[in-house]
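See below for the structure under consideration.
Lettering of chains follows the sequences in order, A, B, ..., and the numbering in each one begins at 1. All values reported here derive from a predicted model rather than from experimental measurement.
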Amino acid sequence: MPFKRFVETGRVVYVVDGPYKGKIVSIVDCIDQKTVLVDGPETGVPRSKMRISQIHLTKFKINFPYNGSTRTVRQAWKKADLNKLWVQSRWAEKAANREKRASLGDFERFKLKRARKIRNKIRTNVYQALFNNTYCPKKKTAVAKVAKA
Amino acid sequence: MVKAKEAVAKSDSSAAKKKLRPSKVKSLAKFETKKKARAAGTLKKKPKQNLLSGTATWKVVYKSGTWRFVHRPTEAKLIAKAKAEGKPLNETPKKKKSIIVKPIKGEKNGETREVHTVKRKAYYPTLKTPKKHKTRGLFKNHKRNTRPSLTPGTIVILLTGVHKGKRAILLKTLDTGLLLITGPFILNAIPMRRVHQGHVIATKTKLDISSVKIPEEVDDKYFKRTLLKKKPKKNDSKSLFVQKPKTYRPSEKRKFDQKTVDAQVLSVLKQHKDKKFLFLYLSFMFGLRNNQYPHRMQF
């Protein structure tokens with residue numbers, strides 16, 4: 001299968017490292033093999049160079065001419081309604097969840113642990129019931145007999 | 001006209017309201033007379049004083065911590081004062097000349113020589129007022145600082161000691177800078193005890209324990225250790241037999257204090273909106289699981 005995401009003008013990328021970690025920006029120009037010029041007028045990232053190793057390519061791409069100014073980038077961004085698209089994506093949802101989990105305090109973590117415990121217990125019970133019904137129905141009847149007696 | 005009168009009345013009332021200091025009144029009056037004199041052209045300008053010439057009637061002197069003006073009474077003033085008081089003018093004895101020219105005998109000695117009457121100083125200080133170095137004093141008098149995250153009511157995680165891994169409630173900081181904590185005892189068997197702030201993680205969860213009243217006796221002295229073992233005396237017949245080692249037992253007073261404080265803390269816990277979880281939370285131990293790094297976590 002051929003590659004579908006390229007380092008190219010208009011490619012929207014997710015910043016994984018550096019001061020703008022967790023924000024999305026758009027590539028404006030390739031400076032060299034390792035660095036690109038990026039701009040994120042709607043996400044509060046000024047036009048600057050960024051290492052490709054600090055960037056993850058997303059499926060989104062906006063249309064503006066090669067080396068376009070911040071103004072043109074903003075226009076294209078708004079036209080594509082990128083902020084909304086990004087929020088709706090599964091990637092953004094996961095990132096938000098990760099951040100939420102990291103910001104939990106000790107007490108909240110404890111509460112989460114308890115809730116998971118309850119949930120898992122319910123789940124295993126249901127699973128066990130289904131398993132027994134399908135694979136060893138005899139066992140169930142035996143148990144039922146005992147209960148009756 | 002009416003308006004003007006009103007304005008005058010207003011200004012009068014405002015003057016009555018604001019009581020001026022007598023010194024201020026004096027200075028204002030002085031300023032007024034000066035102003036008038038300037039307008040009339042009768043203002044006498046004081047001659048500028050050359051401080052270096054030594055004839056100045058005032059000088060700036062370092063006195064009791066600050067630089068002050070010190071006026072030297074003029075000769076005329078001194079005489080006038082003496083006359084007014086009817087006292088004989090006590091003339092100041094004229095100063096000795098600091099250098100005397102002495103004739104020197106003998107040939108080729110230059111005939112005269114300048115001799116100092118007063119011996120010159122052997123030591124001149126480099127500073128007028130040497131700086132005092134700050135001293136911190138005794139360790140017990142040092143100022144204690146606790147982390148801002150450690151306020152009364154915070155739930156803390158203990159890191160050292162018998163109770164390490166347990167969660168407790170911070171009651172207050174004592175004078176020595178140690179933290180006073182309690183379990184409460186029913187939940188996790190931590191009695192009221194002191195911990196150093198370095199051996200504790202402060203969590204975000206805080207309780208409002210302003211209603212909790214801690215007995216006044218509970219201070220650093222209260223927790224002072226008592227010697228359990230006494231040195232065996234010589235020729236003591238009892239020392240021949242094996243004695244049971246004495247262990248620590250809390251006094252009745254301590255037990256009572258523990259109960260009174262814990263009852264109040266528990267009532268606070270019961271009022272919390274997450275009370276069900278909170279009771280469990282305090283009774284459970286803290287621990288790290290896979291992929292949990294304390295330096296990356298928030299508490």
Side-chain angles (χ1 to χ4, degrees), chain A residues 13-25 38 40 43-45 48 50-58 86-87 89-128, chain B residues 147-151 153-159 163-170 181 183-184 187-188 190 199-209 265 268-299:
Chain A
V13 293
Y14 180 75
V15 187
V16 247
D17 204 359
Y20 301 109
K21 194 178 170 181
K23 287 181 172 175
I24 51 165
V25 288
V38 296
T43 49
V45 182
S48 53
M50 235 173 233
R51 263 187 272 161
I52 291 176
S53 62
Q54 297 180 342
I55 270 170
H56 286 183
L57 303 173
T58 70
W86 172 249
V87 169
S89 69
R90 188 92 179 87
W91 189 344
E93 197 186 330
K94 276 184 179 176
N97 279 348
R98 218 176 297 131
E99 202 173 300
K100 206 176 180 181
R101 197 173 282 261
S103 67
L104 285 183
D106 192 42
F107 184 40
E108 287 150 339
R109 225 177 290 129
F110 178 80
K111 280 196 281 187
L112 178 71
K113 202 167 90 179
R114 289 256 118 198
R116 278 168 65 100
K117 227 175 190 176
I118 293 163
R119 186 252 269 150
N120 290 348
K121 207 170 187 180
I122 294 166
R123 195 163 60 182
T124 44
N125 281 349
V126 170
Y127 172 75
Q128 276 302 326
Chain B
R147 264 178 279 152
S149 57
L150 288 168
T151 51
T154 18
I155 291 177
V156 293
I157 302 167
L158 305 180
L159 300 175
H163 301 290
K164 67 180 158 202
K166 290 182 185 178
R167 290 153 177 139
I169 296 163
L170 168 61
I181 58 154
L187 293 182
N188 49 23
I190 304 176
H199 298 161
V200 133
I201 294 176
T203 65
K204 277 186 205 167
T205 21
K206 285 176 199 265
L207 306 168
D208 181 24
I209 58 155
V265 172
V268 168
L269 285 174
K270 273 172 194 164
Q271 283 161 13
H272 199 270
K273 69 176 180 196
D274 268 341
K275 75 167 189 184
K276 204 179 108 191
F277 282 114
L278 208 55
F279 274 92
L280 280 171
Y281 176 62
L282 284 168
S283 53
F284 270 73
M285 299 263 278
F286 169 79
L288 292 168
R289 315 189 102 210
N290 280 354
N291 295 322
Q292 281 190 332
Y293 304 98
H295 56 280
R296 285 191 204 157
M297 280 153 67
Q298 293 202 338
F299 293 91

Are B:Arg167 and A:Phe110 close enough that some pair of their side-chain heavy atoms sits under 4.5 Å apart?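 Side-chain contact under 4.5 Å: yes.
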Report yes or no: does A:Arg109 contribute a side-chain atom to a donor-acceptor pair with the main-chain N or O of B:Gln298 at less than 3.5 Å?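 Checked: pair present.
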Count the heavy atoms belonging to other residues, nucleotides or ligands that lie under 6.0 Å from CD of A:Glu99, then report whether that count exceeds 12.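 It does not: A:Glu99 CD has 12 such atoms or fewer within range.
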Counting only heavy atoms not in B:Arg147, do more than 12 fall under 6.0 Å of its CZ?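 Counting other residues, nucleotides and ligands, CZ of B:Arg147 exceeds 12 neighbours.
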Using non-hydrogen atoms only, which part of B:Ile201 is less than 4.5 Å away from chain A: side chain, backbone, both, or neither?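 Neither part, no heavy atoms under 4.5 Å.
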Part of B:Leu278 within contact of chain A (heavy atom distance under 4.5 Å):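 Contact with chain A: backbone and side chain both.
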To the nearest 0.5 Å, what is the distance between CG (B:Leu280) and NZ (A:Lys111)?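 One finds 12.0 Å between CG of B:Leu280 and NZ of A:Lys111.
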Tabulate below the donor-acceptor pairs under 3.5 Å that side-chain atoms of residues 116-125 of chain A make, not counting sequence neighbours, or state none.
residue: A:Asn120; atom: OD1; partner: A:Arg123; partner atom: NH2; Å: 3.3
residue: A:Asn120; atom: ND2; partner: A:Arg116; partner atom: O; Å: 3.4
residue: A:Thr124; atom: OG1; partner: A:Asn120; partner atom: O; Å: 2.9
residue: A:Thr124; atom: OG1; partner: A:Lys121; partner atom: O; Å: 2.8

Heavy-atom pair of closest approach, residues B:Phe284 and A:Arg114: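 Nearest heavy atoms, B:Phe284 then A:Arg114: CZ-NH2, 3.2 Å.
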Any residue meeting ring pair (Phe, Tyr, Trp, His ring centres under 6.0 Å) with A:Phe107, in chain and number order, not counting sequence neighbours: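 Once residues adjacent in sequence are excluded, the partners of A:Phe107 under the ring pair (Phe, Tyr, Trp, His ring centres under 6.0 Å) criterion are B:Tyr281.
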